[in-house]
Amino acid sequence: METASRIILDPAILAGKPVIQGTRISVDLVLDLLASGWSEAEILREYPDLSREDILACIRYAQEIVHSERVYSPIPRSRSTG
């Protein structure tokens with residue numbers, strides 16, 4: 001599945017937040033629902049414009065963001081003696 005075909009960023013829609021194409025449903029809403037324990041079936045029932053592939057695209061989008069995130073270790077402080 002290609003995330004780019006389902007997730008778009010458009011400054012005219014929700015101030016440019018990533019949304020599912022053709023909707024005003026944001027990726028973070030779907031992720032919040034999943035994190036709150038909603039099942040795929042519950043999300044699809046409440047948001048009938050969504051498909052299973054849309055939900056998977058949201059998860060994949062988040063995975064891509066986290067995967068590309070860089071974490072830098074702080075420079076260790078020198079220990080003072082005395």
Side-chain angles (χ1 to χ4, degrees):
M1 169 199 345
E2 188 169 327
T3 305
S5 66
R6 293 194 177 272
I7 306 299
I8 62 165
L9 289 88
D10 181 341
I13 303 172
L14 293 181
K17 290 176 79 168
V19 297
I20 299 166
Q21 186 168 10
T23 74
R24 295 181 61 81
I25 300 172
S26 66
V27 169
D28 72 314
L29 172 65
V30 175
L31 295 173
D32 283 345
L33 295 174
L34 291 168
S36 296
W38 284 45
S39 69
E40 179 183 303
E42 290 171 313
I43 294 171
L44 296 175
R45 189 172 41 252
E46 285 296 317
Y47 298 91
D49 291 339
L50 295 184
S51 68
R52 179 177 195 276
E53 290 75 20
D54 293 327
I55 295 171
L56 292 174
C58 291
I59 296 168
R60 180 68 177 174
Y61 181 84
Q63 184 276 329
E64 289 171 0
I65 296 295
V66 170
H67 180 75
S68 66
E69 184 178 52
R70 300 290 177 248
V71 178
Y72 299 96
S73 178
I75 299 171
R77 293 178 150 175
S78 61
R79 293 185 182 186
S80 60
T81 57

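Here, residue 1 is the first one in the sequence, and each next residue gets the next number.
Using a 4.5 Å heavy-atom cutoff, the side chains of Thr23 and Tyr47 are not in contact. Using a 4.5 Å heavy-atom threshold, the side chains of Leu34 and Ile43 count as touching. Put simply, the side chain of Lys17 does not reach to within 4.5 Å of the side chain of Val27, judged on heavy atoms. Side-chain contact check for Val30 versus Asp54: every heavy-atom pair is 4.5 Å or farther apart. Side-chain contact between Ile7 and Ile20 is present, with heavy atoms from C-beta onward closer than 4.5 Å. The side-chain heavy atoms of Arg24 and Val19, taken from C-beta on, include no pair separated by under 4.5 Å.
Heavy-atom minimum distance, Arg45 versus Pro48: O-CD, 3.9 Å. Nearest approach of Ser51 to Arg6, heavy atoms of both residues: OG-NH1, 3.8 Å. Residues Leu44 and Leu50 approach most closely at CD2-O, 3.4 Å, considering heavy atoms. Considering all non-hydrogen atoms of both residues, Ala62 and Leu31 come closest at CB-CD1, 3.7 Å.
The CD atom of Glu53 sits 12.0 Å away from atom SG of Cys58, with the distance rounded to the nearest 0.5 Å. Separating the CG atom in Leu56 from the CD atom in Gln63 is a distance of 12.5 Å, to the nearest 0.5 Å.
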